[in-house]
Undergrad: 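Below you'll find the structure I mean.
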Amino acid sequence: MTIKEKVKMLVAKYGTSSPFEIAEARKILIFKHPLGNILGYYTRHRRVQMIYLNSHVEDRHLQRFVCAHELGHATLHPEVNTPFLRRNTLFSVDKIEREANTFAVELLIPDDAVYRNEGCSTSREISTAYGVPPELIQLKRIH
């Protein structure tokens, strides 16, 4: 199953594309703590899945993206305690980080927004409208 298909299944199951609501429904704990230059990370202890978000990140779009990214790890890599997502490494070459970024982009940008452009004609406009870092827009698959 592709990442896009997994995202579609989750959205259909939970009736939302909010990473916070999906995490809550899946009983994934979310903690907000000061994490320095770390945006967030995912961990699992025993069978308890946890997402940690930096409480000092005030931009709600960035917090939503980081939560979606970490939810991607919880969905795609549930047994792996992921490395910290740092502000300067949003575009990572590491396979699991790329997959989590793809998951987040698919979750946060609906297909019809890209098909119809919903008033957005550039990657920057789509980035701004959906709170996804502009350097990650190209991860959106519209096929």
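Here the structure is a predicted model, which means the values were calculated and not measured. Quick note: residue numbers are just sequence positions, from 1. Heavy-atom basis, side chains included; hydrogens, waters and symmetry copies ignored.
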Undergrad: At their closest point, which heavy atom of Leu76 faces which heavy atom of Lys6, and how far apart are they?
TA: CD2-CD, 3.6 Å
Undergrad: Which value, rounded to the nearest 0.5 Å, describes the distance between Ile22 atom CD1 and Lys13 atom NZ?
TA: 10.5 Å
Undergrad: Check each of Leu136, Ile3, Val132, Ile96 against Asn101 using the side-chain contact (heavy atoms from CB on, under 4.5 Å) test, and report the only one that passes.
TA: Leu136
Undergrad: Does the side chain of Met9 reach to within under 4.5 Å of the side chain of Glu5, using non-hydrogen atoms?
TA: no
Undergrad: Roughly how far apart are Thr102 OG1 and His69 NE2, rounded to 0.5 Å?
TA: 10.0 Å
Undergrad: Kindly write out the residues that satisfy ring pair (Phe, Tyr, Trp, His ring centres under 6.0 Å) with Phe31, not counting sequence neighbours, or none if the list is empty.
TA: Tyr52
Undergrad: List the atom of Phe103, the atom of Gly72, and the distance in Å for their closest heavy-atom pair.
TA: CD2-CA, 3.2 Å
Undergrad: Is the shortest side-chain N to carboxylate O distance from Asp111 to Lys140 below 4.0 Å?
TA: yes
Undergrad: Side chains of Pro19 and Leu108: closer than 4.5 Å at any heavy-atom pair?
TA: yes
Undergrad: Can you give me the closest heavy-atom contact between Tyr14 and Arg26, atom names plus distance?
TA: OH-CG, 3.2 Å
Undergrad: Under a 3.5 Å distance rule, please check whether Arg60 uses its side chain to pair with a backbone N or O of Leu62 as donor and acceptor.
TA: no
Undergrad: Mind checking whether Leu10 and Thr75 have side chains closer than 4.5 Å, heavy atoms only?
TA: yes
Undergrad: For the CD1 atom of Ile30 and the CE atom of Met50, what is their distance to the nearest 0.5 Å?
TA: 12.5 Å
Undergrad: Any idea which heavy atoms bring Gly40 and Leu35 closest together, and the distance?
TA: CA-CD1, 4.2 Å
Undergrad: Is any side-chain heavy atom of Leu107 less than 4.5 Å from a side-chain heavy atom of Leu71?
TA: yes
Undergrad: Of all residues at least two apart in sequence or in a different chain, which pass the side chain to side chain donor-acceptor pair (under 3.5 Å) check with Thr16?
TA: Glu21
Undergrad: Without hydrogens or angle criteria, can the side chains of Glu97 and His73 be said to hold a donor-acceptor pair below 3.5 Å?
TA: yes
Undergrad: Measuring from Tyr41:OH to Ile51:CD1, what's the distance to the nearest 0.5 Å?
TA: 11.5 Å
Undergrad: Hey, mind stepping through Lys8 and Glu106 against side chain to side chain contact (heavy atoms under 4.5 Å, CB included) and telling me if it holds?
TA: CA-CA 8 Å; Lys8 282 185 176 188; Glu106 290 294 345; over 6 Å; no
Undergrad: Quick check on side chain to side chain donor-acceptor pair (under 3.5 Å): which of His77, Gln49, Glu70 does Tyr42 satisfy it with?
TA: Gln49
Undergrad: Could you tell me which non-hydrogen atom of Arg44 sits nearest to which non-hydrogen atom of Pro78, and how far apart they are?
TA: CD-O, 3.0 Å
